[in-house]
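Since we're looking at a predicted model, the values are computed, not measured.
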Amino acid sequence: ANTSPSYNINVGGDWEGLGSFVPGQGTVTLNGSNKQVKGNNTFYKLTKIATATDTLSFEKNKTQTINNLLTLKGVSSAAKLNLRTAPPDDDADVDPLDRWKIIVSNATGSFVLDYLDVKDSDASGGKSLDPLNSNPNSGGAPNVNWDFGESFSGWAFQANGTSPIATETSVAVRING
């Protein structure tokens with residue numbers, strides 16, 4: 001298949017990744033729920049936007065390369081898009097071969113990532129992925145080259161240590177090292 005120069009493909013089933021696919025400058029959109037991406041693939045733009053809690057699985061030890069834009073979005077913190085390995089890896093080891101690999105081009109790639117739950121992913125070789133409102137799943141192999149940031153919560157006090165700072169006040173945190 002060739003999407004050159006800018007044809008789009010809407011996929012209602014799984015992406016099998018068999019044979020030769022030339023991405024051109026089109027978008028591959030994965031529609032429906034519980035989809036799988038199989039094989040080693042290169043996409044110009046890859047999109048999956050969930051409409052409820054959903055799972056998008058990538059074949060174990062295979063690489064997905066995104067040349068332009070990766071868009072993966074869940075709905076909310078209660079309805080995330082789960083990114084997983086296919087077939088599922090249920091053991092607790094951290095074997096690097098259990099990971100699925102995704103590369104967003106350092107030179108030309110970008111991403112929109114929101115409300116994700118990520119497990120067993122290796123994004124090394126491309127841009128560091130820093131999704132919004134997302135978290136790593138604690139089971140399985142650790143995610144590589146994903147930056148989920150840090151969140152802080154609690155009370156902020158004035159310099160005397162006992163008087164709270166007024167509500168609705170912004171507080172900056174600076175961490176050295």
| Under 3.5 Å: donor-acceptor pair, side chain of Asp117, backbone of Asn82 |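 Not a single qualifying donor-acceptor pair exists.
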Kindly compute the distance separating [atom1] ([X]) from [atom2] ([Y]), expressed to the nearest 0.5 Å.
| X | Y | atom1 | atom2 | result |
| --- | --- | --- | --- | --- |
| Asp120 | Asn137 | CG | CG | 8.0 Å |
| Leu83 | Leu116 | CG | CG | 5.0 Å |
| Glu59 | Asn41 | CD | CG | 9.0 Å |
| Ser110 | Asn68 | OG | CG | 5.5 Å |
| Asp114 | Ser77 | CG | OG | 10.5 Å |
| Tyr7 | Thr27 | OH | OG1 | 14.0 Å |

Side-chain heavy atoms under 4.5 angstrom apart, residues restricted to Ile, Leu, Val, Met, Phe, Trp, Tyr: same cluster for [X] and [Y]?
| X | Y | value |
| --- | --- | --- |
| Phe148 | Phe111 | yes |
| Val118 | Val144 | no |
| Leu56 | Ile103 | no |
| Leu70 | Ile49 | no |
| Val11 | Phe43 | yes |

Please give me the minimum heavy-atom distance between [X] and [Y], naming the atom from each residue.
| X | Y | result |
| --- | --- | --- |
| Pro136 | Asn143 | CB-ND2, 3.5 Å |
| Val75 | Ala52 | CG2-N, 3.5 Å |
| Pro131 | Leu129 | CD-O, 3.4 Å |
| Phe58 | Gln64 | CD2-CG, 3.7 Å |

| query | More than 12 foreign heavy atoms under 6.0 Å from NZ of Lys73: is that the case here? | reply |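 Result for NZ/Lys73: open.
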Report yes if the side chains of [X] and [Y] come closer than 4.5 Å at any heavy-atom pair, otherwise no.
| X | Y | result |
| --- | --- | --- |
| Asn133 | Lys80 | no |
| Ile102 | Ser121 | yes |
| Ser128 | Trp146 | no |

| request: Tell me, with the steps shown, if Lys101 and Asp122 meet salt bridge (Lys or Arg N to Asp or Glu O under 4.0 Å). | output: CA-CA 5 Å; Lys101 190 163 177 78; Asp122 181 351; 3.6 Å; yes
| task | Would you please classify the geometry between the Phe21 ring and the Trp15 ring as parallel, tilted or perpendicular, with 30° and 60° separating the classes? | result | perpendicular
Side-chain donor-acceptor pairs of residues 29-40 under 3.5 Å, sequence neighbours excluded:
residue, atom, partner, partner atom, Å
Lys35, NZ, Gly12, O, 2.7
Asn40, OD1, Thr63, N, 2.7

